[in-house]
Amino acid sequence: MKDYHVCSLVVYVSAEHAESVKKTIESLKGAEVPVSNEIGKMVVVLEGDSKDGLVERFEKIKTLPGVITVTLVYHQMDEQSELKEANNDSQ
């Protein structure tokens, strides 16, 4: 049985690297940057089927040129069977 993991991060980037970091993050599997600004602050959402996969992407983001800091804000894990059951109950 697979799990579903989602986490959110706050990423601070030097302003001159903000756009390239955003594009790189969005190219990662299961990654989204729903909020960002021109001075280098962004919110990142990562989704995947394992905690290790999220940690791997978190570590990659930390090493991108221009990244100043990455902070984990939220993490949640749900078993897929629970998600299916919830979806079936809502229909």
Side-chain angles (χ1 to χ4, degrees):
M1 180 180 315
K2 288 188 175 183
D3 295 328
Y4 170 78
H5 291 260
V6 62
C7 71
S8 62
L9 315 170
V10 174
V11 180
Y12 289 97
V13 183
S14 61
E16 62 269 12
H17 290 94
E19 192 58 36
S20 65
V21 168
K22 180 180 176 187
K23 286 180 183 178
T24 301
I25 291 171
E26 289 179 332
S27 74
L28 299 173
K29 180 182 176 186
E32 177 185 1
V33 182
V35 179
S36 65
N37 64 24
E38 65 282 345
I39 62 169
K41 294 179 183 178
M42 53 187 79
V43 173
V44 176
V45 177
L46 300 176
E47 298 177 295
D49 59 8
S50 75
K51 177 183 71 172
D52 293 339
L54 295 183
V55 170
E56 183 180 302
R57 284 175 270 161
F58 180 94
E59 292 298 326
K60 174 149 181 79
I61 292 168
K62 284 178 21 180
T63 64
L64 294 174
V67 171
I68 298 165
T69 187
V70 180
T71 304
L72 176 67
V73 176
Y74 178 80
H75 174 250
Q76 180 175 338
M77 186 270 308
D78 290 313
E79 291 184 9
Q80 286 295 324
S81 62
E82 291 176 6
L83 290 175
K84 286 182 183 178
E85 189 177 298
N87 285 336
N88 290 338
D89 289 346
S90 67
Q91 293 178 356

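Note that the coordinates shown come from a computational prediction; the quantities given were computed from them, not determined experimentally.
Distance check: Gln76 CD to Asp3 CG gives 11.5 Å after rounding to the nearest 0.5 Å. Rounded to the nearest 0.5 angstrom, Leu64 CG and Lys22 NZ are separated by 14.5 Å. Between the CZ atom in Phe58 and the OG1 atom in Thr63 there is a gap of 11.0 Å [rounded to 0.5 Å].
Follow the hydrophobic side-chain contacts under 4.5 Å out from Met42 and you reach Leu28 in the same cluster. Following chains of ILVMFWY side-chain contacts shorter than 4.5 Å, one cannot reach Tyr12 starting from Val21, and the two form parts of different hydrophobic clusters. Linking Ile, Leu, Val, Met, Phe, Trp and Tyr residues whenever their side-chain heavy atoms come within less than 4.5 Å places Leu46 and Leu72 in a single cluster. There is no path of hydrophobic side-chain contacts, each under 4.5 Å, that joins Val45 to Leu54.
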Per-pair distances, 0.1 Å, donor-acceptor, side chain in residues 32-40, under 3.5 Å, sequence neighbours excluded:
| unit_1 | atom_1 | unit_2 | atom_2 | d |
| --- | --- | --- | --- | --- |
| Asn37 | OD1 | Ile39 | N | 3.1 |
| Asn37 | OD1 | Gly40 | N | 3.2 |
| Asn37 | OD1 | Lys41 | N | 3.0 |

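Environment of CD in Glu26: crowded, with over 12 heavy atoms of neighbouring residues, nucleotides or ligands closer than 6.0 Å.
The side chain to side chain donor-acceptor pair (under 3.5 Å) test applied to Glu59 returns Lys62, not counting sequence neighbours.
Between Ile68 and Ser14, the closest heavy-atom pair is CD1-N, 3.7 Å. Taking both residues in full, the closest heavy atoms of Val67 and Ile61 are given as CG2-O, 3.3 Å, listed atom of the first, atom of the second, then distance.
When atom types are taken as modelled, the side chain of Arg57 and the backbone of Glu47 share a donor-acceptor pair closer than 3.5 angstrom.
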